[in-house]
Amino acid sequence: MALMLYDTLRRQEVAFVPAEPGRVGMYVCGPTVQGDAHVGHGRAAVVFDVLRRHLAASGLAVRFVQNVTDIDDKIILRARREGVDHAVISTRYARAFERTMELLGVLPPDVRPLATGHLLEMQALITTLIAADKAYAVEGDVFFRVRAFPTYGALSNRRIDELVEGADVVDRDRKEDPLDFALWKSAKPDEPSWPSPWGPGRPGWHIECSAMAATHLGAGFDIHGGGLDLVFPHHENEIAQHEAAHGTTFARHWVHNGMVQMGDAKMSKSVGNVVGLAEAVEAVGRGPLRLWYLSAHHRSPLTFDDERLDDARAVFGRFVTFVRAARRAAAGAARDGVAGATHRDAFTAAMDDDLNAPVAVSVLHQLITDADGPLKAAAKGDQAAQGAVAELADTLVTLGDDVLGLGIAEVLDRASALEQRIAPLVDGELELRAQARAAKDFAAADAIRDRLAAAGVVVEDTAAGAVWYAAEALRPAT
RNA sequence: GGCGGGGUGGCCAAGUGGUAAGGCAGGGGACUGCAAAUCCCCGAUCACGGGUUCGAUUCCCGUCCCCGCCUCCA
């Protein structure tokens, strides 16, 4: 493969070469489970899911790790408000997250580590940092000494001295330098806490990713992903923590996805303009929603609005319609093994070009256009054409489902199950309609068609007679 | 203020130093009893002003506008 990937740290596209041939280790920052995921979270999920699928389709064995941050200020606040244990909150939303990811067609990670399950690893890292004089403990808190890490700011392209003004003012009186950030936070009264060499407390946010990524993938793993809004300070701190402690490279490629916009502002909980991800999947459907996510380059901003979602619905509909028609025309013929090759190559080339999904999707459109001739011939019984059509349809499903995760086959299967149940009924109606048409009684024929349409059955007349499908099963409630 | 990313046909969106993929919407046509589906045809000179060049949408400078990060955040 010849994947070129934009690397945030180097600020350019670079050839992606795994540290170990044939294998890829990937870490993507997961949710802080303090509430329901929104459409913005879905973008990161889909972008990295597609990257992962493309790597796998390229023949690489991918190990995908995504953490769950199950302890933080907001979780504690929510638990307090509801009068329950923090684990009630984190478990509730972690489960909801998993369910929603499944609905979105996002493959589950190979490892989904919990922050609270890696406290010893974090403490070991902190201990190392203190021993190296890169961190210091103050009354139960531990802070990272930012100025002791000379390359701090490399990822986000910032100079330390320019950061001072906006530095976090929390705990300013206890820090040596306002830039320093917490590795371990001492417990305040009534807060959940865990024992540590520095007293009871809980980990800072950034330390978990440094510890868990290294634990589950090893230092110097291939790809670290996350939203562009995590570049500073989260990812910057992850690098600092690991590299200051071990002196080795933490992650080899940094990939970041752009933000989802609502109107002219970023979709964000703090802005208060979020749309729930679960609701969006239900309303739009997995395939259309993913096509919308993939309608722009992964680093560009992407606007959530009805018009663009309608576009995505239309595209998904076109894909499904084509596959359905192709499967019928192919009549079970074996795929010929050649017809889709150029499209497959073009698709792969697009994905290899920094995950150029808009172009990859355009290849799928081209495939459908190119399939028109064979499709018409196949419908007339041309066997060679049937083999080509079978090949093209399977190619579209493979690329669209295996790599982009659209779920085309799934939608057709669901429709098919319904169609089989109602077939005797519909076929009877269509028999009557055929008789009416033969007798030129079009009013009667159209009445039957309208009746079926009202029941969610769409009838189309072709050279080979009427065909039909259950439109209801195609609706978004995936 | 600092850093970064953008302004391409009605909408979305690729892309390239040699006159701009694809999709959606719209119009016309083929097909159809009518539809549906599908196919074919039709539309942009790339924010603005300079510059470099034989030639720039693509490179450089400037201007205007938009967005993100700089605090929790996918």
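To find a chain, count down the sequence lines: A is the first, B the second, and so on, and within it residues start at 1.
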Less than 3.5 Å apart, which donor and acceptor atoms pair up between the side chains of residues 446-455 of chain A and the rest of the protein, not counting sequence neighbours?
| residue | atom | partner | partner atom | Å |
| --- | --- | --- | --- | --- |
| A:Arg451 | NH2 | A:Glu429 | OE1 | 2.6 |

N/O donor to acceptor pairs below 3.5 angstrom from side-chain atoms of residues 357-370 of chain A, sequence neighbours left out:
| residue | atom | partner | partner atom | Å |
| --- | --- | --- | --- | --- |
| A:Ser362 | OG | A:Val359 | O | 2.6 |
| A:His365 | ND1 | A:Arg318 | NH1 | 2.7 |
| A:Gln366 | NE2 | A:Asp370 | OD1 | 2.9 |
| A:Thr369 | OG1 | A:Arg318 | NH2 | 3.4 |
| A:Thr369 | OG1 | A:His365 | O | 3.3 |
| A:Asp370 | OD2 | A:His343 | NE2 | 2.8 |

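Across B:G10 and B:U19, the matching C1' atoms stand 24 Å from one another, rounded to whole Å. Separating the C1' atom of B:U63 from that of B:G27 is a span of 39 Å, rounded to the nearest Å. Comparing the same atom, P, in B:C3 and in B:G18 gives a spacing of 31 Å after rounding to whole Å. Here the separation of B:C59 from B:A37, taken at their P atoms, is 42 Å to the nearest Å. When the C1' atom is compared between B:G23 and B:G15, the two are found 15 Å apart, to the nearest whole Å. With both ends at atom C1', the span from B:A35 to B:A30 equals 15 Å, rounded to whole Å.
Under the 30°/60° scheme for interplanar angles, the aromatic rings of A:His224 and A:Phe250 are found to be tilted.
Along RNA chain B, the nucleotide closest to A:Phe232 and the one closest to A:Pro31 are compared, and the more 5′ of them pairs with A:Phe232. Toward the 5′ end of RNA chain B lies the nearest nucleotide of A:Val361, the other residue of the pair A:Val231 and A:Val361 mapping further downstream.
With respect to the salt-bridge test (charged N to carboxylate O, under 4.0 angstrom), the residues A:Glu102 and A:Arg99 do not qualify. Salt bridge status for A:Asp72 with A:Arg202: absent, with no side-chain N to carboxylate O gap under 4.0 Å.
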Quick one, give me the B/S/- string for nucleotides 33-40 of chain B, reading 5' to 3', where B means a protein heavy atom under 4.0 Å from the base and S means that only happens at the primed atoms, P, OP1 or OP2. BBBBSBSS
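The local environment of CZ in A:Arg80 is crowded, with over 12 non-hydrogen atoms from other residues, nucleotides or ligands closer than 6.0 Å.
Distances from the side chain of A:Pro233 to the nucleotides B:C72, B:A74, B:G23 place B:C72 closest. With B:G68, B:A74, B:C72 as the choices, the nucleotide that has an atom nearest any side-chain atom of A:Met267 turns out to be B:A74. Of the candidate nucleotides B:G68, B:C24, B:A14, B:G68 has the atom lying nearest to any side-chain atom of A:Ala265.
Between the base of B:G68 and the side chain of A:Asp229 there is no donor-acceptor pair shorter than 3.5 Å.
With sequence neighbours excluded, the residues forming a salt bridge (Lys or Arg N to Asp or Glu O under 4.0 Å) with A:Arg145 are A:Asp133, A:Glu176, listed by chain and number.
Between the CG atom of A:Asp370 and the C1' atom of B:A21 there is a distance of 14 Å, rounded to whole Å. A:Phe304 places its CZ atom 15 Å from the C1' atom of B:C12, with the value rounded to the nearest Å. With rounding to whole Å, A:Leu228 atom CG is found 17 Å from B:C3 atom P. For the pair A:His256 NE2 and B:C67 P, the interatomic distance rounds to 22 Å; values are reported in whole Å. Distance A:Phe319 CZ to B:G23 C1': 9 Å, rounded to the nearest Å.
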List, with names and distances, any nitrogen or oxygen atoms from the protein found under 3.5 Å away from nitrogen or oxygen atoms belonging to nucleotides 4-10 of chain B.
| residue | atom | partner | partner atom | Å |
| --- | --- | --- | --- | --- |
| B:G4 | OP1 | A:Asn157 | ND2 | 3.4 |

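Taking the six-membered ring where the residue is Trp, the centroids of A:His235 and A:His256 are separated by under 6.0 Å.
Looking at heavy atoms from C-beta onward, A:Ile239 lies in side-chain contact with A:Trp254 at the 4.5 angstrom threshold.
With a 3.5 Å ceiling on both atom-pair distances, the Watson-Crick or G-U wobble partner of B:C3 is B:G68. The pairing partner recorded for B:U38 is B:A30, the criterion being a Watson-Crick or G-U wobble arrangement whose two distances lie under 3.5 angstrom.
Counting only residues at least two apart or on different chains, the salt bridge (charged side-chain N to carboxylate O under 4.0 Å, His left out) pairs with a member in residues 106-115 of chain A are A:Arg52-A:Asp110, A:Glu98-A:Arg112.
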